[in-house]
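Reviewing the structure listed below.
Every value quoted in this text rests on a predicted model; they were computed, and no experiment measured them.
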Amino acid sequence: MTSDYTEVFQDTEAVEKYESVTYAPDSYATRINERQRDYLRSLVRREFEGQHPPVQHDFACGTGRAIRTLHGLVREAHGYDTSAEMMAKAAEVGSRAYWHQVPTDGPVPTPVAAGFPAIVTIFRLLLNVHETIRDRALAFAAKALPHRGSGLLVVENHGNAGSVRHLRARRHRGRRWFAELSHEEVAALLDRHGFEIVERRGFSMLTPSLHDNRLARLADAAAQRLPGTDGYAVNVLYTARRVHA
């Protein structure tokens, strides 16, 4: 998926496939989502303890998976996307939020003024778009989190260049659907927009092709408990705070 994301997801069949096939029960994506959900809910409880519940701004919200992840832990949620069809599906499957369609280009969208603290989530976007769109997303996050005390940013990289997935890079070089980012590239992107990574967590060492192998899944589950393995995970979440303008 590249910058034609909006065009692709104007097709309701494509939206339905994304929600019911990519995230089918017991699929690779669903298993990772379940692990992310446990982590994110613990993160919000820990980081916002003793404060008002945060407001969530979910950029490139798609069908609202990150919004559903934090149901009950935020005081309100706002989903922003270029595809009206994706947001309609999000509402249909029970994602509770205010929906905001944003343009694909032009001035950086302005987050709804909903107060602080806030948590900005950007999931399954970085690999799917050109660098200019990545910068657009992080510029949006910087608007939503103008200073260190504003809250948290959580960004997903679902193609870590330091993982076993990288072994396929040469074979798939030039193919539009294959992309990867290193930890260093993600850190540089965040720094460019005034953010510092304060926590990094990996969620699977496996690629989708290994998902159905029972022994591989058992080994993957065990690896999650070992310190330092997040550096080699295929799917990684980076939690960051604003440190400079």
Side-chain angles (χ1 to χ4, degrees), residues 1 4-45 48 53-104 109-115 117-129 133-134 136-138 140-141 143-145 151-158 203 235-239:
M1 197 189 315
D4 59 359
Y5 166 91
T6 306
E7 181 178 343
V8 170
F9 286 112
Q10 285 178 350
D11 179 356
T12 55
E13 289 187 10
V15 173
E16 183 62 37
K17 181 179 179 181
Y18 179 81
E19 180 64 22
S20 62
V21 177
T22 301
Y23 282 96
D26 203 38
S27 69
Y28 176 78
T30 294
R31 282 185 171 271
I32 289 177
N33 180 71
E34 289 168 351
R35 292 176 180 178
Q36 289 179 338
R37 181 183 186 277
D38 291 343
Y39 167 72
L40 281 171
R41 292 184 72 82
S42 294
L43 175 73
V44 168
R45 289 189 180 103
F48 296 100
V55 59
Q56 182 181 12
H57 298 281
D58 189 28
F59 193 81
C61 62
T63 59
R65 195 158 300 275
I67 287 170
R68 295 197 297 278
T69 288
L70 294 182
H71 275 174
L73 295 181
V74 299
R75 66 180 184 273
E76 63 183 72
H78 295 269
Y80 307 79
D81 205 286
T82 58
S83 169
E85 287 75 15
M86 287 291 258
M87 291 187 290
K89 187 65 178 179
E92 179 187 322
V93 298
S95 306
R96 299 190 296 273
Y98 299 97
W99 308 107
H100 311 279
Q101 188 171 6
V102 296
T104 57
T110 298
V112 171
I119 180 167
V120 177
T121 46
I122 303 175
F123 278 44
R124 293 186 73 88
L125 177 73
L126 298 190
L127 291 191
N128 299 338
V129 296
I133 306 300
R134 294 174 194 154
R136 185 176 176 81
L138 268 295
F140 169 89
K143 282 188 171 185
L145 300 168
L152 295 175
L153 167 64
V154 182
V155 177
E156 180 184 33
N157 173 12
H158 61 290
F203 294 91
N235 183 284
V236 182
L237 290 185
Y238 306 83
T239 299

Donor-acceptor pair, side chain of Arg75 and main chain of Ala114, under 3.5 angstrom: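 Confirmed, Arg75 side chain pairs with Ala114 backbone.
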
Sidechain-backbone polar pair: Glu156 side chain, Leu237 backbone, donor-acceptor under 3.5 Å: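 Between the backbone of Leu237 and the side chain of Glu156 there is no qualifying donor-acceptor contact (under 3.5 Å).
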
Provide the closest heavy-atom pair for [X] versus [Y] in the form atom of the first, atom of the second, distance.
X      : Y      : result
Pro109 : Phe140 : O-CD1, 3.4 Å
Lys143 : Thr110 : NZ-OG1, 3.1 Å
Gly79  : Ala97  : N-CB, 4.3 Å

Residues Leu40, Leu73; criterion side-chain contact (heavy atoms from CB on, under 4.5 Å); working and verdict: CA-CA 10 Å; Leu40 281 171; Leu73 295 181; over 6 Å; no

Worked check of side-chain contact (heavy atoms from CB on, under 4.5 Å) between Asp81 and Trp99: CA-CA 8 Å; Asp81 205 286; Trp99 308 107; over 6 Å; no

Arg65 side, atom CZ; Leu70 side, atom CG - distance, nearest 0.5 Å: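 Going from the CZ atom of Arg65 to the CG atom of Leu70 covers 13.5 Å.
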
Side-chain contact test, heavy atoms from C-beta onward, threshold under 4.5 Å: evaluate it for [X] versus [Y] and give yes or no.
X      : Y      : result
Leu152 : Leu43  : yes
Ile119 : Pro117 : no
Ile67  : Thr121 : no
Tyr238 : Leu126 : no
Pro54  : Val74  : yes

Trace of the side-chain contact (heavy atoms from CB on, under 4.5 Å) decision for Phe123 with Val154: CA-CA 8 Å; Phe123 278 44; Val154 182; 4.0 Å; yes

Ring geometry between His57 and Tyr80 (parallel below 30°, tilted from 30 to 60°, perpendicular above 60°):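 Tilted: the ring planes of Tyr80 and His57 meet at 30° to 60°.
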
Lys89 bridged to Glu92 by N-O distance under 4.0 Å: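 Salt bridge: yes.
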
CA sep, side-chain torsions, deciding dist, call: Cys61, Met87, side-chain contact (heavy atoms from CB on, under 4.5 Å): CA-CA 7 Å; Cys61 62; Met87 291 187 290; 3.8 Å; yes

From Arg35, Gln36, His158, residue fulfilling side chain to side chain donor-acceptor pair (under 3.5 Å) relative to Asn235: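 Per the side chain to side chain donor-acceptor pair (under 3.5 Å) rule, the option paired with Asn235 is Gln36, out of Arg35, Gln36, His158.
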
